[in-house]
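Taking it in order: structure first as structure tokens, then the write-up.
None of the values given here were measured: they were computed from a predicted structure.
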Amino acid sequence: MMKQLVVLLLVISLVGLTVGQYRECLEKRRCFYSCQSNIALNRPTLMSSVYGETWGGEHAVDGNEVTNFMVEPGVHTVNEEVNWWEVEFLRESTVCDVTILTRSDCCVDRILGAEVLLDTGHDGVLVKCGESITQSDLRTNEIVRNCMGVVGKRLRIQLMNNYLQLVEVVVQGC
């Protein structure tokens with residue numbers, strides 16, 4: 001029994017999880033492989049535009065999950081024809097799930113129609129992760145899209161003809 005525990009702790013540490021994160025994965029009934037660390041955390045970001053001085057792209061990967069923009073800033077673009085936010089991974093990575101936290105204080109429906117896209121690095125090919133965000137996704141401010149193990153270097157969230165607002169984006173590698 002002790003030998004199995006040591007092996008389990010070694011495996012958990014190799015994929016970048018704490019014991020608490022591993023327990024959380026088990027509680028959410030996610031496969032072990034899909035619970036690797038957040039490969040977007042504190043990585044470089046770009047965005048189509050910034051609304052004001054305080055709502056830059058870095059806020060979506062800073063680990064802060066406060067969903068009220070009046071308390072903590074998030075990402076906020078200007079309303080243009082094509083609005084997007086993008087994060088670049090450290091290296092080409094296999095992506096399992098993307099979790100998007102949205103605002104709870106205002107304007108929840110602004111994210112309707114947004115798409116989660118992975119840049120495969122092959123001639124600008126973007127692969128869509130799951131469906132576009134719909135009304136049924138807005139029951140909570142946590143939206144999850146499965147990327148089904150697509151390999152990519154960047155993740156983009158794109159929205160047409162509306163402000164793009166994000167609190168946090170968590171990208172689970174596998």
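In this structure, Asn141 CG and Glu65 CD are separated by 9.5 Å, a value rounded to the nearest 0.5 Å. Glu72 CD to Thr54 OG1: the interatomic distance, rounded to the nearest 0.5 Å, is 10.5 Å. Considering CG of Asn146 and CD of Glu131, their distance stands at 11.5 Å, rounded to 0.5 Å. Separating the CG atom in Asn68 from the CG atom in Asp105 is a distance of 4.0 Å, to the nearest 0.5 Å. Once rounded to the nearest 0.5 Å, the distance linking CG of Leu117 with OG1 of Thr120 reads 11.0 Å. Between Gln165 atom CD and Cys106 atom SG the span is 6.5 Å, to the nearest 0.5 Å.
Ser93 contributes a side-chain N or O that, together with a main-chain N or O of Arg91, makes up a donor-acceptor pair within less than 3.5 Å. Not one N or O on the side chain of Asn38 forms a donor-acceptor pair closer than 3.5 Å with the backbone of Val170. Judged purely by atom type and a 3.5 angstrom limit, Ser48 uses its side chain to pair as donor or acceptor with the backbone of Trp84. The closest donor-acceptor contact from the side chain of Trp85 to the backbone of Gly57 lies under 3.5 Å. With Thr77 contributing its side chain and Leu164 its backbone, the two residues share a donor-acceptor pair below 3.5 Å. Side-chain atoms of Thr102 do not come within 3.5 Å of backbone N or O of Leu166 as any donor-acceptor pair. Between the Lys153 side chain and the Phe89 main chain, a donor and an acceptor come within less than 3.5 Å of each other. The backbone N or O of Leu46 sits nowhere less than 3.5 Å from a side-chain atom of Glu86 that would complete a donor-acceptor pair.
At least one side-chain heavy atom of Met70 sits less than 4.5 Å from a side-chain heavy atom of Arg103. When side chains are defined from C-beta on, Val75 does not count as touching Val167, because their heavy atoms never get closer than 4.5 Å. A heavy-atom distance below 4.5 Å is found between the side chains of Thr45 and Val87. When side chains are defined from C-beta on, Arg154 does not count as touching Leu118, because their heavy atoms never get closer than 4.5 Å. Side-chain contact between Glu142 and Thr99 is present, with at least one heavy-atom pair separated by less than 4.5 Å.
Residue Leu101 is not grouped with residue Met47 when hydrophobic side chains (ILVMFWY) are merged at heavy-atom distances under 4.5 angstrom, including chains of intermediate members. At a threshold of 4.5 Å between side-chain heavy atoms, the hydrophobic network of Ile, Leu, Val, Met, Phe, Trp and Tyr places Val151 and Val95 in two separate groups. Transitive grouping of hydrophobic side chains (ILVMFWY, heavy atoms separated by less than 4.5 Å) brings Ile157 and Leu112 into a common cluster. Cluster membership for Ile111 and Val78, using ILVMFWY side-chain heavy atoms within less than 4.5 angstrom, is not shared. Hydrophobic clustering (ILVMFWY, side-chain heavy atoms < 4.5 Å, transitive): Leu155 and Ile143 are in one cluster.
One finds no salt bridge joining Arg43 and Asp62 here, because no Lys/Arg side-chain nitrogen approaches an Asp/Glu carboxylate oxygen to under 4.0 Å.
When each of Arg156, Arg145, Lys128 is checked for a salt bridge (Lys or Arg N to Asp or Glu O under 4.0 Å) with Glu115, only Lys128 meets the rule. Looking at Ile100, Asp97, Leu126 one by one, the single match for side chain to side chain contact (heavy atoms under 4.5 Å, CB included) with Val116 turns out to be Ile100.
Contact between Trp55 and Pro73 at its shortest, heavy atoms only, is CD1-CB, 3.4 Å. Of all non-hydrogen atoms in Gly149 and Cys174, the two that sit nearest each other are CA-SG, 4.2 Å.
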- Item | Stepwise side-chain contact (heavy atoms from CB on, under 4.5 Å) test for Val108 and Leu138 | CA-CA 7 Å; Val108 176; Leu138 303 181; 4.2 Å; yes
Legend entry - Trace of the side-chain contact (heavy atoms from CB on, under 4.5 Å) decision for Val50 with His76: CA-CA 6 Å; Val50 180; His76 195 316; over 6 Å; no
request  = Quick one: do Cys147 and Cys129 satisfy disulfide (SG to SG under 2.5 Å)? Show the steps, please.
outcome  = CA-CA 4 Å; Cys147 293; Cys129 297; 2.2 Å; yes
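Taking the six-membered ring for Trp and thresholds of 30 and 60 degrees, Tyr51 and Tyr163 have ring planes more than 60 degrees apart, a perpendicular arrangement.
Applying the 6.0 Å contact sphere to CE of Met160 captures more than 12 heavy atoms from other residues, nucleotides or ligands.
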